[in-house]
A.B. asks: 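Sending over a structure as C-alpha cells; questions will come in a sec.
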Amino acid sequence: MTKETELKLRISPQSLPALTQFLNTQARPLSHSTLKNWYLDTPAAALSSARAALRIRQHGDGYEQTLKTRGQSQAGIHQRGEWNWPLTSPQLDSTRLQSAEVAEHWPASINVAELGEIFTTHFERQAWLWQLDGCEAEVVLDQGEVSSGRKTLPLCEVELELKQGDAAGLWAMALQLAEQAPLWLSDISKAERGYRLARLSQPWAQTPGVSAEDDMAEALPQWLSYEFLHLQRALEHCLWDSNIHGALDAWTHWQALRALPQLVGKVIRRNQTRTLREALDQLQQPLQQLAATAQLLSYLRSADEESDVRDELNSLQAVWMERLQQLRDDAVLAQALTQAAAALYALPPLKEGSEQAGHWLRHLLRQHQPLLEQLKRQRPQSTEQWRGMAHELALLCMACDYARALPQVNAPGETVWRALSDMLNAETLLQRPWPLPPLNPAAGAEQRTADDYSGWAEEHLQHLARQL
C-alpha cells in the first residue's frame with residue numbers, strides 16, 4: 001500500500017487556458033492522456049459505506065485496478081492509502097483483494113461476487129511535474145464528465161499530488177496557481193460525485209475528534225479543522241451545485257470558525273491567527289449575502305400560494321444564479337479560502353495546561369444559558385432585539401454542536417441545536433443594510449420592502465423559539 005497526499009481544487013473551464021499557460025512556463029510538462037475509469041461496488045454501495053473506493057482504469061492500451069481506503073482531510077489536504085495492480089483487461093481481478101495486507105482494510109461483510117459497475121469518470125488529463133522551494137508535486141488538470149446511466153455531471157478540477165518534500169509546500173503552489181485563475185478548494189472526490197449521481201451516496205457526516213479530557217491545546221485545532229471542513233464542503237455544494245442549504249451552512253460555520261480563536265485566548269496568541277482571520281474577513285460579506293439570498297429563496301419556495309410569489313421567486317433565482325457565477329469567477333475570494341486553509345495547516349503547537357475541553361465547553365454553555373432561557377420564556381418582540389443577539393446566538397449554536405459529540409457535557413439536545421441553527425439562518429434577513437438588490441416582479445405587481453421580508457423572518461424566529 002502507498003499513501004497518497006494531495007490537494008484538490010475546482011476550476012471553471014473558461015479559466016483553463018491561463019492556468020495551462022502558467023504551468024507550461026513554471027513546470028515540466030509530462031503527458032496528455034485520456035483516462036477511462038469504471039467504479040465498482042455492491043448494489044447497496046457497501047464499499048462506499050466503508051469509505052473505500054474500487055476502480056478499474058484504462059490508460060492507453062493498459063489497465064489498472066485501484067483500491068483506495070478510508071482517508072482523512074486536514075485543512076484541505078487529503079491523505080489516504082491505496083493499492084494499484086496492473087491488469088491485462090478491464091475485468092476485476094478479485095484475487096488481488098485477498099492478500100493479507102488488503103484484508104486488513106477490506107470490509108468483512110462485502111461479497112466480491114456482488115461487485116459491479118456503479119458509475120464512470122472519463123476525462124482528459126494534462127500533467128506537469130513542478131518543483132518549488134524544496135517541494136515536488138505532480139500537477140494534473142482533469143476535464144471530462146462523471147456518468148451513471150443516462151445522467152452526467154461535468155468534471156473540471158486540478159490536483160496537486162506530493163511526490164517529494166513537505167506537504168506544506170503544496171500550499172505555496174496552490175496560492176501561486178490561484179493568482180492565475182479562480183481555484184476553489186475541493187473536498188468532494190470524483191467517487192463521491194459519482195455515488196451522488198447514482199443516488200447511492202451515504203449522508204456525509206463529520207464530528208470533531210475531541211474528548212472531554214483533551215487539553216484545549218489538542219481540542220482547539222480539531223474544532224478549527226472541523227469548522228473549516230464544513231465551511232469548505234458547504235461552500236463547494238453551494239457554488240457548484242447551486243445548493244441553498246450549502247450557503248446557509250457555510251455562513252454558520254464561518255461564524256464559528258471566526259469566533260473560536262477569540263474565545264480561547266489562553267491557548268492561542270492573537271498573532272498566531274492573524275493570517276487566518278484576515279483571510280476569513282475577506283469572505284464575510286459575500287458569504288453573509290449568499291446566506292441571506294438562500295434564506296429568502298427558501299421562504300419563497302415554501303409559500304402556500306406559489307402564484308402569489310412567482311414573480312419574486314423568478315427574480316430572486318436570477319439574482320442567486322448571477323451571484324454564484326460572480327463568486328466562482330472571483331479569484332481573490334477563492335485565494336482567501338486557500339489562504340485560510342494554509343494558515344490552519346501551518347498552525348504551530350499550542351500552549352498546553354490551560355484547561356480540559358469538557359470544562360471549557362461547560363463554561364461556555366453556562367455563559368450563554370441566559371440567552372436560551374430568554375428565548376424560551378420572553379422571546380424578543382422587535383427586530384432590533386433579534387438582531388442584537390445574533391452573535392451570541394451563533395456562539396450558543398456552536399457550543400451545542402460541540403457538546404453533541406461529548407456525552408459527558410450536560411447540554412441541550414439535538415432538537416434545541418437544530419432550532420438554534422434555523423434561527424441563525426432566519427437572522428440573515430434582519431441584516432442592515434439590506435443585503436439583497438431590489439427584486440423586479442412583473443409590471444403591476446406590488447414590490448415588497450426589506451421590512452416585509454424581515455417580518456417573515458421574525459415570524460419564523462418566534463415559531464422556532466416556541467420549539468425550544
Side-chain angles (χ1 to χ4, degrees), residues 8-13 16 33-71 78 80 82-85 87-94 96-97 106-107 109-125 140-159 184 186-205 233-234 236-246 301 317 321 324 328:
K8 185 189 298 287
L9 306 115
R10 293 180 78 155
I11 184 172
S12 297
L16 294 179
S33 53
T34 300
L35 300 179
K36 296 184 177 181
N37 305 272
W38 296 266
Y39 282 79
L40 310 178
D41 207 330
T42 69
L47 266 178
S48 175
S49 298
R51 304 300 181 192
L54 179 64
R55 76 168 183 230
I56 294 174
R57 166 173 289 177
Q58 179 182 0
H59 185 185
D61 295 330
Y63 300 92
E64 182 180 66
Q65 178 176 308
T66 297
L67 174 65
K68 295 194 176 189
T69 65
R70 179 190 298 268
H78 311 278
R80 65 190 309 179
E82 68 174 35
W83 289 268
N84 296 289
W85 303 283
L87 298 174
T88 57
S89 67
Q91 304 299 321
L92 177 68
D93 183 354
S94 60
R96 299 291 193 175
L97 306 175
W106 184 263
S109 60
I110 294 180
N111 182 354
V112 174
E114 295 182 355
L115 295 173
E117 180 186 318
I118 301 296
F119 60 90
T120 64
T121 62
H122 298 336
F123 50 86
E124 299 294 316
R125 166 168 286 182
V140 300
L141 195 160
D142 295 337
Q143 185 176 17
E145 64 181 23
V146 182
S147 301
S148 178
R150 296 183 178 181
K151 296 176 292 185
T152 63
L153 284 174
L155 175 66
C156 193
E157 62 185 31
V158 176
E159 293 181 359
W184 288 92
S186 172
D187 188 69
I188 302 175
S189 67
K190 296 180 181 72
E192 184 175 346
R193 279 184 254 175
Y195 278 108
R196 279 199 290 149
L197 190 63
R199 296 188 176 181
L200 288 172
S201 60
Q202 302 295 319
W204 183 83
R233 286 183 65 95
E236 186 171 358
H237 280 304
C238 172
L239 291 182
W240 303 96
D241 302 330
S242 304
N243 187 293
I244 63 173
H245 300 294
R301 289 176 180 178
Q317 284 177 329
M321 297 306 295
L324 291 182
R328 285 194 296 266

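If you read the sequence from its start, that first residue is 1, and numbering goes on from there.
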A.B. asks: Mind checking side-chain contact (heavy atoms from CB on, under 4.5 Å) for S242 and listing every partner two or more places apart, or none if nothing turns up?
C.D. replies: W320, M321, L324
A.B. asks: Under the side-chain contact (heavy atoms from CB on, under 4.5 Å) test, which residues partner A50, sequence neighbours left out?
C.D. replies: P107
A.B. asks: Can you list the residues that meet the salt bridge (charged side-chain N to carboxylate O under 4.0 Å, His left out) rule with D187, with sequence neighbours excluded?
C.D. replies: R233
A.B. asks: Once you round to the nearest 0.5 Å, how far does CD of Q317 lie from CD1 of I244?
C.D. replies: 9.5 Å
A.B. asks: For S147, which residues count as a side-chain contact (heavy atoms from CB on, under 4.5 Å) partner, sequence neighbours excluded?
C.D. replies: T120, E145, T152
A.B. asks: What verdict does the side-chain contact (heavy atoms from CB on, under 4.5 Å) test give for L40 and E117, after you've listed the backbone C-alpha separation in whole Å, the side-chain angles of each residue and the deciding distance to 0.1 Å?
C.D. replies: CA-CA 4 Å; L40 310 178; E117 180 186 318; 4.3 Å; yes
A.B. asks: By ring pair (Phe, Tyr, Trp, His ring centres under 6.0 Å), which residues pair with H122, not counting sequence neighbours?
C.D. replies: W38
A.B. asks: Write down the atom of V146, the atom of G194, and the distance for their closest heavy-atom approach.
C.D. replies: CG1-CA, 3.5 Å
A.B. asks: Residues two or more places apart in sequence or in another chain: which of them pass side-chain contact (heavy atoms from CB on, under 4.5 Å) with P43?
C.D. replies: E114
A.B. asks: Does W240 offer a backbone N or O that forms a donor-acceptor pair with the side chain of R328 under 3.5 Å?
C.D. replies: no
A.B. asks: Test your reading of the model: is there a side-chain donor-acceptor pair from S201 to the backbone of L197, 3.5 Å cut-off?
C.D. replies: no
A.B. asks: N243: what forms a side-chain hydrogen bond (donor to acceptor under 3.5 Å, both in side chains) with it, not counting sequence neighbours?
C.D. replies: none
A.B. asks: Using the salt bridge (charged side-chain N to carboxylate O under 4.0 Å, His left out) criterion, which residues pair with E236? Sequence neighbours excluded.
C.D. replies: R10
A.B. asks: Can you name the salt bridge (charged side-chain N to carboxylate O under 4.0 Å, His left out) partners of R57, sequence neighbours left out?
C.D. replies: none
A.B. asks: List the residues meeting salt bridge (charged side-chain N to carboxylate O under 4.0 Å, His left out) with R301, not counting sequence neighbours, and say none if there are none.
C.D. replies: none
A.B. asks: Name all residues meeting the ring pair (Phe, Tyr, Trp, His ring centres under 6.0 Å) criterion together with Y39; count only those two or more places apart in sequence or in a different chain, and write none if there are none.
C.D. replies: F119
A.B. asks: What do the steps show when you test I118 against L200 for side-chain contact (heavy atoms from CB on, under 4.5 Å), and what is the final call?
C.D. replies: CA-CA 9 Å; I118 301 296; L200 288 172; 3.7 Å; yes
A.B. asks: Which distance, rounded to the nearest 0.5 Å, do you find between the CG of N37 and the OG1 of T66?
C.D. replies: 8.5 Å
A.B. asks: Do R51 and Q202 have side chains that approach each other closer than 4.5 Å (heavy atoms only, starting at C-beta)?
C.D. replies: yes
A.B. asks: Mind checking the CG-CZ spacing from L54 to R96? Nearest 0.5 Å is all I need.
C.D. replies: 13.0 Å
A.B. asks: Taking D142 for its side chain and F123 for its backbone only, find out whether a donor-acceptor pair lies under 3.5 Å.
C.D. replies: no
A.B. asks: Could you state the interatomic distance from OG (S12) to CG (L239), rounded to the nearest 0.5 Å?
C.D. replies: 9.5 Å
A.B. asks: If every non-hydrogen atom of C238 is compared with every non-hydrogen atom of G246, which pair is closest and at what distance?
C.D. replies: CB-C, 4.0 Å
A.B. asks: With side-chain contact (heavy atoms from CB on, under 4.5 Å) as the criterion, how do I188 and W204 come out once you've worked through the C-alpha distance, each side chain's angles and the decisive distance to 0.1 Å?
C.D. replies: CA-CA 10 Å; I188 302 175; W204 183 83; over 6 Å; no
A.B. asks: Using 0.5 Å steps for rounding, measure from the CG atom of N111 to the OG1 atom of T42.
C.D. replies: 9.5 Å
A.B. asks: Could you measure the distance from the CD atom of E159 to the NZ atom of K190? Nearest 0.5 Å is fine.
C.D. replies: 4.0 Å
A.B. asks: For R199 and K151, what are the C-alpha separation, side-chain angles and deciding distance, and is it a side-chain contact (heavy atoms from CB on, under 4.5 Å)?
C.D. replies: CA-CA 11 Å; R199 296 188 176 181; K151 296 176 292 185; 4.0 Å; yes
A.B. asks: If you take all heavy atoms of Y195 and A45, which pair is closest and at what distance?
C.D. replies: CE2-CB, 4.1 Å
A.B. asks: Would you say the side chain of K8 lies within less than 4.5 Å of the side chain of E157, judging by non-hydrogen atoms?
C.D. replies: yes
A.B. asks: Do L155 and R193 come within less than 4.5 Å of each other through their side chains, counting heavy atoms only?
C.D. replies: yes
A.B. asks: Taking only residues two or more places apart in sequence, or in another chain, which ones meet T34 in a side-chain hydrogen bond (donor to acceptor under 3.5 Å, both in side chains)?
C.D. replies: E124
A.B. asks: Would you say Q58's side chain and G60's backbone share a donor-acceptor pair under 3.5 angstrom?
C.D. replies: yes
